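Quick caveat: nothing in here was measured; it's all calculated off a predicted structure. Numbered from 1 within each chain, the chains take letters A, B, ... in sequence-line order.
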Amino acid sequence: MSPALIAALPFLGAALPSILIRTGRNNAAAVAALFTGLALLGLLLNLPTVLAGGVVETKIDWLPWLGLNVNFWIDGLGMLFATLILGIGLLIILYARYYLSNRDPVGQFYTYLLLFQGAMVGIVLSDNILLLLIFWELTSLSSFLLIGYWKHLPEGRQGARMALTVTGMGGLSMIAGMLILGHIAGSYDISEILKHKDAIQASPYYIPALLLILGGAFTKSAQFPFHFWLPHAMAAPTPVSAYLHSATMVKAGLFLMARMWPVLSGTPEWFYIVASVGLFTMFIAALIAIFKHDMKALLAFSTVSHLGLITFMLGLGTEAGALAAVFHIINHATFKAALFMSAGIVDHETGTRDLTRISGLRKLMPITFTIATIAALSMAGIPFFNGFLSKEMMLEAAAHTSWLNNDWLIPAMATLAALFSATYAFRFITHAFFGPVSEDLPKKPHDPNFGMWLSPGFLVVLVLAIGLFPMAVAGPYVQMATNAVVGGGYHMHPLKIWHGVTPALIMSAIAVIGGIIFLGAHAPLQKIWDKTPRPEAKAIFDWIIDKAQALAAFITQGLHTGSMARYLMLFTVASVAAGLYAFSTGTIGAPTRELTPVNGAAIAAWILLLTAALSIVAFHHNRILALVMIGIVGLIVSISFIFLSAPDLALTQISVEVVTAVLMLLALNFLPKVTKTESSRMKLGFDAGLAIVAGVAVTGLIYALMTRDFAFPTMSGYMLDNSYNLAGGDNVVNVILVDFRGYDTYGEVTVLGIAALVIFALTEALLQGASSRKLIAWRPDVARGGDKHPLMLLIVTRVMMPIALVVGLYIFLRGHNQPGGGFIAGLVVAIALVTQYMASGFAWTQARQKVYYHVLIAAGVLVAGITGAGAFFNDMPFLTSDFGYVKLPGLEKFELATAAGFDLGVFLGVVGSVMLALGGLSRLARRAAMGEQGGEDGAHIAAEKPEARVLAPLAAGPYPPEAKVPRRWWKTARAAPEATQAERDTIHENKKTNGGDH
Amino acid sequence: MELLVASAIGVLTAAGIYMILRLRSFPVVVGMSLLSYAVNVFLFATGRLVINQPPILRDGVTSYTDPIPQALVLTAIVISFGMTAVVVMLALGAFIEASNDRIDLDGEEDGQ
C-alpha cells in the first residue's frame, strides 16, 4: 500500500466513529479498529521491502515552488514507528471500548484518536520537513483534544492547555529550525537533507538550527526543563495516557532526533546538549517518580525518565547509542503501555489510583497483578524481561563515556537513575498488589473482563518474548531501524541476554539491589522528600502565563480603548500620512490625457451634489433631513453614471437608493430623530480639518489618475474583443459579471446572502428576552399618520405589482446584450415586493408569501453553483459558460447562454437577501406594534409565524382558540404547545411593568 | 469634467470622514454611505472618464469605455447595500439593548 494512503487512512476514517456512535459503542470502536487495522496491514505489506533495506516512496507535488511536497517514504525508522503507532493504536482502541463508560462521548473519543493517529503516522512517514511540521502541529492539536477529553474536569482542561502551550511553542521553534536546515541543504525533502551532513555541520547556522530543532524535540518528548507538562497531561483518560504519553506522541521528539541523527549528531555541541539533557532528565524524573503516590503520576515521571534515557543514548552520537535508543523505544513502548493500562484497570475497578490507599490487590485481581508485575519487572531492568536488555546497553554505553574528561560522572548518574527506576518499579508492585487487602476502597475490586486485559496481556507477552528471545523476536526490526538511524551500512551484533560479567552487569546489579534497599527505606525517605522545598513547575508556568497575559492585556487595552471614533480617526490619520509620504517621496509624470468637456448640466449636478453633501455635514443633527440629502447624493451619482457611459451602474445605483432609503427609514423608526452635539469645538474643528485634508488628498489622487493614460495596456481590450465571440453577449459589463469574472460574482452573491442571514440572526436575537420586552414596551416618539394603509397607495401598488415583475423579467432577460441583468432585475423585483409591505402591511404580505426568503438565497447560490458546475460535463473549469442560438417556429432566432442560468442565481440571491434584510427590520417594528395592539391581536402579531411560536412559546404567548389564524398555519398553530397559566401571567406582568397601560 | 468629478469625490470623502467621526450610530451610518459613494465613484473613475461610449457592443462602433471598473463597481454597490444593512441592524440592536446609540465604550453613558 502506498505510504500516502497509509497516512491518510486514519483521517479518512476519523469522522465515522462520531457518526456510528448512534448505533452503539461497539460499532464506533469497530470502525476505528477497521481503519487502523487496514493501515497497519497496508504498512506490513511493505515490511519485506524495508527489511531488505529498501525504501517505499510516494511523491506528490503540492506547492513545489515552496519546496512543500506531499512526499512520503517508509524507511526502517518510519516502519518501526508506524508499526508501534498503528499496532498499539489497535490495542488502545480495544482497551478504550471497555475502559470508557457509557456516559462518555465515546464516538468523539475515537474520532480524536484517529485524528491523532493519522497525524503521528504522517510525522513518521513524511519525507518532507514542511509536511512533517504540519503533522507535528496536528499531533499537538489532537492531543489537546484528547487530554481535555473529560471537559468537566478542570485538571483536564488545564493540563490540555499546558501541553498545547509547551508543545506548541516547541513546534514554533522547530519550524524555524527546520526552515534553516532546509535552507542550508537546499531542499526540504528529508531524504535529500540527510545527504548533506558536511555542509550542514560546517554551516554557521548549524548551532541555531540545532538549538531550534532541539527546542521542538525536547518539548514534545518532555525533556528537562520542559518535562512538567507530561505529568499534568495525565488528567486524560488512561487509554490516552497509555497511547500518547508513553508509547507514541512523546516519542515524536525522539523520532525527530533519530531522523536527523545522521546530519546533526557527532558534534561536541550535539553530545553536550542532547546527552546531558537526556541524562539529567533520566536522573531527576526517576527520583521524583519514587515519591509519587498517584499510580499514573509515578508512571508519568517514569516515562519522562525513560525518554531521557533514549535522548541520552541518541546524544552519544555512536552506533551503540543509536542501537540502544532504538531497542529501548520498542521495549519502553511495550512495557509502559501495559503498565498504564494496568493502572487504568486498577483505577477503573477500585475507583482510586492512590498507592497509599490501595494494597493487597494481588488476591483480588490476579490477572491484573500478573500483567503489571511482568511489565514492572521489565521496567526495573530484571533479566529475562525486555527492559533489561536495552538498559544493559545503556549502562554499557554510559560506562565508556566521559563528560568533560570526567570518567565517573556519567556512569554514576546512569547507575543511580537505574537504581531509582528499580525502586519505583518495585514500589508500584509492592504497594498496590502486596500487603494487606485494603478495605476502604470506593469500589469492590475484581479482575476486569477479557476485553480490558487483552491489550496489556498481549503487550506483556511481547515483553517476555523479546526478553527471552531478543534476536528472534525483535532482532530484524532493531537492525532495520538502527540502520536507518545511523544512515545505512550498519550491521548489528546479535542481541544477547548474557554478555559475561561486564561493567554494565555490575551496575545493573547495584541498581537492582539498591532499588530493593531503597524500597525498604521508602517511608523515611518519603518524609525527607516531603520536607524538602522544591520549585513547583506548575506554579512557575502559571506565573509566566499570568505575566504574559497581563502584558497582552496591557498592550491590547492600551490600543483598544473601546472608542470607535478614535480608531477611525487613527485609521484616517495613518492613511493620510501614508499617502503624504508616498506623495512627497515619489515622482509624478506629466498629464497625458485631454480633459473631457464640461456642460451646464454637469455643473448643475455638481452644485447639487456639493450642496447636498455639505448640508449633511451642516444639518445632520436633523436625521430625517440627512436621509433626504443622502437620497439627493445617490440620485446625482446615478445620473452621473448615465452621463459617464455607465448605464448598468446607473440602474443599479438608483434601485439600491430605493431599498437603502427604506432601510434607513425603518431604522429611524426606532432611533432618535435628532443627534445632539456632544463633541467639543476643538474636536469638531480637528475632525473637520482631518476630513478636509483627506478629501483634498483623494481629490488630488483621482485627478492625477484621470488625467493620465494607463501605464500598461488593460485587460479591458481582451474583454471587449471577446465578449461576443466567447460569451455571446453584447453588454460587456454583464458578460464580465456572469462569465469572465463569474467566480467573483459567485462569491459576492454568497456574501450578500450571508449578510442577509446575519441580519436575520440578529433579528431573531432581538426578538427574544429583554430586548423583545423593550420592543413591546416601546412607544413611537413621533405622531403617526391617521391612515395606516392608504387606499390609493394600496390599490396602486397592487396594480403595479405585475407590471413591476414584468419589468424585472424584461431587465433580467435583456441583461446579456443591453443594460440590465440579474443584479438590477433582483433589485427591481425586491422594490416591487417592498412596496407591497409598505402599502398593505407586513401581516397581509407575509400571509401571501409562498416562499421563504432563506430559500430564495439558498436557491440563488445553488442555481449559480450548479450552472457553474455544469461546465464539468464539458471537461471545462468551473463556471465556463456556453451559448448557442435557437430558432423556434413563430419566434425570431434567439440566444440561449448558460450564463443566463448563473444570472438567474444572482437574481434569486439578490431578491432573497434584500427582502430578508428589510423583513428583519420590519419584524422589529411589528413586535413594537404589539404593545399598541394589546390583547389577543398583540399576541397574534408577536407570534408572526407558527414556527416561531413553537420555538419560543413563552415570548410569543399562545394563540387563543378563537384567534384568526391564516388557514395554511392551522396545523402548526394548533399543534403549538399550550402555555401554562403561570407563563401567561408572566407575559402579562412583563407587559404591565414595561409601560403597557391598557 | 475631470475636475468636477475629482472634487465631488473629495467632498464626498471629506463629508463621509467627518460623519464617521461622530459619536452616535446614525451619523456614522450616514458617513459610511457617503464614503461608499466616494469609493465607488473613485473606482469607477480609475477607468478614466468617457462620454457617450457605453460598453455595449454595436456594429460600426470601435471605441468603448472601460468595462472592468464598471463591473467591479456594480457588485460593490450591491455589496455596500448589504454592508449598510448589517451595520444598520447592528446599530439598531445596540440601541434597543442599551437604550442609547453611542458608538463608544468610554465616557459616561447618557440617554438612559
Side-chain angles (χ1 to χ4, degrees), chain A residues 561-565 568-569 572 595-596 598 606 609-610 613 616-617 620 623 626 630 637 644-649 652-653 656 663 667 670-671 675 678 687 691-692 694-695 698-699 702-703 705-707 716 719-720 724 730-733 736-737 748 752 755 758-759 762 766 771 774 823 917, chain B residues 1-2 4 6-15 17-21 23-24 26-27 30 33 37 41-42 44-46 48-57 64-68 70-71 73-75 77-79 81-82 84-86 88-89 92-93 95-97 101 103-106:
Chain A
T561 54
S563 163
M564 193 165 112
L568 292 171
M569 187 269 285
T572 316
L595 293 186
T596 35
V598 180
W606 183 77
L609 184 82
L610 258 56
I616 291 175
V617 172
H620 73 88
R623 292 182 172 182
I630 274 275
V637 170
L644 297 169
S645 315
D648 284 279
L649 289 190
T652 314
Q653 185 76 58
V656 163
L663 177 88
F670 290 101
L671 294 171
T675 314
E678 289 168 306
D687 288 351
I692 290 169
V698 171
T699 306
I702 192 62
Y703 184 74
L705 267 177
M706 283 191 293
T707 49
S716 309
M719 310 263 177
L720 289 165
Y724 186 77
D730 285 334
N731 180 357
V732 186
V733 173
I736 292 174
L737 285 177
E748 275 160 283
L752 194 64
V758 166
I759 291 173
L762 282 168
L766 286 173
S771 51
K774 278 188 179 173
F823 273 112
Chain B
M1 199 68 209
E2 274 79 2
L4 292 188
S7 57
I9 293 173
V11 168
L12 286 175
T13 309
I17 288 178
Y18 180 79
M19 294 298 283
I20 61 170
L21 295 178
L23 298 175
R24 299 283 172 162
F26 190 79
V30 169
S33 295
Y37 289 126
V41 179
F42 185 101
F44 169 74
T46 56
R48 313 300 189 258
L49 300 187
V50 176
I51 295 171
N52 272 335
Q53 296 170 9
I56 314 282
L57 302 181
Y64 298 98
T65 183
D66 190 342
I68 293 178
Q70 294 200 14
V73 170
L74 198 153
T75 49
I77 294 172
V78 181
I79 292 283
F81 167 74
T84 309
V86 171
V88 163
M89 196 66 209
L92 197 53
F95 174 70
I96 291 170
E97 296 265 336
D101 61 345
I103 57 167
D104 288 3
L105 293 177
D106 66 346

Asker: For A/Phe823, is it the side chain, the backbone, both or neither that has a heavy atom under 4.5 Å from a heavy atom of chain B?
Answerer: side chain

Asker: Checking side-chain contact (heavy atoms from CB on, under 4.5 Å) for the pair B/Tyr64/A/Val732: CA distance, chi angles, key distance, verdict?
Answerer: CA-CA 10 Å; B/Tyr64 298 98; A/Val732 186; over 6 Å; no

Asker: So, do A/Ile616 and B/Met19 sit near enough that their side-chain heavy atoms are less than 4.5 Å apart?
Answerer: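 They are in side-chain contact.
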
Asker: Can you tell me how far apart CD (B/Glu2) and CG (A/Leu595) are? Round to the nearest 0.5 Å.
Answerer: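 Interatomic distance, B/Glu2 CD to A/Leu595 CG, rounded to 0.5 Å: 5.0 Å.
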
Asker: Calculate, to the nearest 0.5 Å, the distance between atoms CG and CZ belonging to B/Asp101 and A/Arg623 respectively.
Answerer: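 Output value for this atom pair is 4.5 Å.
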
Asker: Just jot down the side-chain contact (heavy atoms from CB on, under 4.5 Å) partners of A/Ala565, sequence neighbours excluded, or say none.
Answerer: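 Partners of A/Ala565 under the side-chain contact (heavy atoms from CB on, under 4.5 Å) test: A/Ser563, B/Leu23, B/Asp104.
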
Asker: Quick one: pull up CD1 in A/Ile702 and CZ in B/Phe42 and give me the separation to the nearest 0.5 Å.
Answerer: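 Going from CD1 on A/Ile702 over to CZ on B/Phe42, the span is 4.0 Å.
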
Asker: Can you list the residues that meet the side-chain contact (heavy atoms from CB on, under 4.5 Å) rule with A/Val637, with sequence neighbours excluded?
Answerer: A/Leu609, A/Val633, A/Phe641, A/Gln653, B/Tyr37, B/Val41

Asker: Out of A/Thr572, A/Val598, A/Leu705, which one racks up the most heavy-atom pairs below 4.5 Å with chain B?
Answerer: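 So the answer, after comparing A/Thr572, A/Val598, A/Leu705, is A/Leu705.
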
Asker: Could you have a look at B/Thr13, B/Asp66, B/Thr65, B/Ile9 and say which one has the most heavy-atom pairs with chain A under 4.5 angstrom?
Answerer: B/Asp66

Asker: Given heavy-atom pairs under 4.5 angstrom as the criterion, report whether the side chain, backbone, both or neither of A/Val617 touches chain B.
Answerer: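 Its backbone and side chain both get close to chain B.
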
Asker: Just verifying a value: how many Å separate B/Leu57 CG and A/Tyr724 OH, rounded to the nearest 0.5 Å?
Answerer: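 Spacing of CG (B/Leu57) from OH (A/Tyr724) equals 9.5 Å.
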
Asker: How long is the span from the CG atom in A/Leu644 to the CG atom in B/Asn52, to the nearest 0.5 Å?
Answerer: 10.0 Å

